[in-house]
Number of protein chains: 2
Amino acid sequence: MKKKHEYCCPIDATISLIGGKYKSIILWHLIGKILRFNELQKLVPCATAKMLSQQLRELVQDGLINKVIYPVAPPKTEYSLTEHGNSLIPVLDAMCSWGKKIIVTS
Amino acid sequence: MKKKHEYCCPIDATISLIGGKYKSIILWHLIGKILRFNELQKLVPCATAKMLSQQLRELVQDGLINKVIYPVAPPKTEYSLTEHGNSLIPVLDAMCSWGKKIIVTS
DNA sequence: CAGTATCCAAATGGATACTG
DNA sequence: CAGTATCCATTTGGATACTG
């Protein structure tokens, strides 16, 4: 997902940030919500814990989501969309609408 | 890009069809156009010929693009969006708009 | 022109076990 | 709870050479 060279087009830029296998799914679940790690695990059952934490880490690095760690026992973390992440909502909505159509069709 | 299990959400379904590294870029270039293989190669320089033909084949299989082979010498083929492919335009547009924004910002 | 074949390197992803 | 570490299998992707 990281590219050092220049993008060949705007779509390329978008894909390089949200093209990860589970990234758009994670972002979609975070729209208007604050979720903890195990809540995301339940919502994205197709991703293993390893994959989930990896993708979350990259999304944090790319400034699309916030991660807040509460220094309590047992550990508690919360993930939410940043402003930048919120700007993706139109993209996620379009993907979701199209996905719904092909699910009922198939 | 093929999944036998059920999708965990609509976004998942969309990703499984257009989540390939170059698929959305190819589709975007085909909006309102009919392009030949070598034209697509120039437009998507980040993809090798192998990758391009592979992704095109999958897109044809998934019913998103048409491939027309003209029985002439030298060989000539043309790729275009199907009706189903056209229904993706809102998704591609959203991805493109967002990509433009992050390119100027970065 | 429009690809395919082959070989190989790198990235991705899953299972299991473990930690603060 | 919220992860990380390790190992390993699969997938992806690039380079090069070749074909109808």
Side-chain angles (χ1 to χ4, degrees), chain A residues 1-8 11-12 15-26 29-30 33-62 65-80, chain B residues 1-8 11-12 15-26 29-30 33-62 65-80:
Chain A
M1 301 315 140
K2 19 198 148 162
K3 296 202 183 166
K4 278 136 196 164
H5 67 272
E6 283 307 304
Y7 304 119
C8 66
I11 301 266
D12 191 14
I15 289 293
S16 74
L17 287 181
I18 64 162
K21 196 169 179 182
Y22 308 109
K23 283 185 183 173
S24 47
I25 301 178
I26 293 168
H29 283 297
L30 285 173
K33 287 186 206 135
I34 297 173
L35 295 173
R36 299 178 59 170
F37 188 83
N38 67 340
E39 293 175 315
L40 279 167
Q41 268 195 293
K42 285 168 205 153
L43 292 168
V44 194
C46 46
T48 59
K50 175 190 166 187
M51 278 300 104
L52 189 56
S53 80
Q54 198 172 94
Q55 304 267 294
L56 285 168
R57 210 179 314 131
E58 290 181 11
L59 288 167
V60 170
Q61 278 169 10
D62 289 334
I65 63 174
N66 293 124
K67 174 178 183 175
V68 179
I69 304 174
Y70 294 91
V72 295
K76 175 179 174 180
T77 58
E78 286 183 342
Y79 294 96
S80 59
Chain B
M1 300 315 140
K2 18 198 148 163
K3 296 201 183 165
K4 279 136 198 166
H5 67 272
E6 283 308 303
Y7 304 119
C8 67
I11 301 265
D12 191 12
I15 289 292
S16 73
L17 286 182
I18 64 164
K21 196 171 181 182
Y22 309 109
K23 284 185 182 174
S24 48
I25 300 177
I26 293 168
H29 283 297
L30 285 174
K33 286 186 206 135
I34 297 172
L35 295 173
R36 299 178 58 172
F37 189 83
N38 69 339
E39 294 175 314
L40 279 166
Q41 269 196 292
K42 285 168 203 153
L43 291 168
V44 193
C46 46
T48 60
K50 176 189 166 186
M51 278 301 104
L52 189 56
S53 80
Q54 198 172 98
Q55 305 268 293
L56 285 168
R57 209 179 315 132
E58 291 180 12
L59 288 167
V60 170
Q61 278 168 10
D62 290 335
I65 63 175
N66 293 123
K67 174 178 183 173
V68 178
I69 304 174
Y70 294 90
V72 294
K76 176 177 173 181
T77 56
E78 286 183 343
Y79 295 94
S80 58

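Just so it is clear, the model here is predicted, and its values are computed rather than measured. To find a chain, count down the sequence lines: A is the first, B the second, and so on, and within it residues start at 1.
As a whole-Å value, the separation of K42(B) NZ from dA2(C) C1' is 13 Å. A straight line from CE of M51(B) to P of dA5(C) spans 14 Å, rounded to a whole angstrom. Atom CD1 of I26(B) and atom C1' of dA2(C) are 15 Å apart (whole Å). Look at NZ on K50(A): it is 12 Å from P on dT6(D), rounded to the nearest Å. One interatomic measurement links the two molecules: CD of E78(B) to P of dA2(C), which rounds to 9 Å at whole-angstrom precision. With rounding to whole Å, Q54(A) atom CD is found 8 Å from dG13(C) atom P. Here the P atom of nucleotide dT12(D) and the CG atom of L52(B) are 16 Å apart, to the nearest Å. Atom-to-atom, CD of Q41(A) to P of dA15(C) comes out at 13 Å; the value is rounded to the nearest Å.
The CG atom of L40(A) sits 12.0 Å away from the CD atom of Q55(A) when rounded to the nearest 0.5 Å. The distance from the OH atom of Y7(A) to the CG atom of L17(A) is 5.5 Å, given to the nearest 0.5 Å. Between the CG atom of L52(B) and the OH atom of Y22(B) there is a distance of 9.5 Å, given to the nearest 0.5 Å. For the atom pair CE of M51(B) and CD of Q54(B), the computed distance is 4.0 Å after rounding to the nearest 0.5 Å.
Partners of L43(B) according to the side-chain contact (heavy atoms from CB on, under 4.5 Å) rule, which considers only residues two or more places apart in sequence or in another chain, are H29(B), L35(B).
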May I have the list of side-chain donor-acceptor pairs in residues 70-79 of chain B shorter than 3.5 Å, sequence neighbours left out?
| from | atom 1 | to | atom 2 | distance (Å) |
| --- | --- | --- | --- | --- |
| Y70(B) | OH | E78(B) | OE1 | 2.9 |

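Only K67(A), P74(A), P75(A), K76(A), T77(A), listed by number, bring a heavy atom of residues 65-77 of chain A to less than 4.0 angstrom from any atom of DNA chain D.
In plain terms, the two heavy atoms of K21(A) and I15(B) that are nearest each other are O-CG2, 4.2 Å.
Remark on DNA chain C: of its neighbouring residues E39(B) and A47(A), the 5'-side contact belongs to E39(B), judged by nearest-heavy-atom nucleotide.
Here R36(A) reaches the OP1 or OP2 of dA2(D): one of its side-chain N or O atoms lies under 4.0 Å away. For dG3(D), neither phosphate oxygen OP1 nor OP2 lies less than 4.0 angstrom from any side-chain nitrogen or oxygen of R57(A).
In DNA chain D, runs of at least 3 stacked Watson-Crick or G-U pairs (N1-N3 plus N6-O4 or O6-N4, or N1-O2 plus O6-N3, all under 3.5 Å) give these stems: C:1-20 with D:1-20.
Side-chain proximity of S53(A) to dG14(D), dG3(D), dT6(D): nearest is dG3(D).
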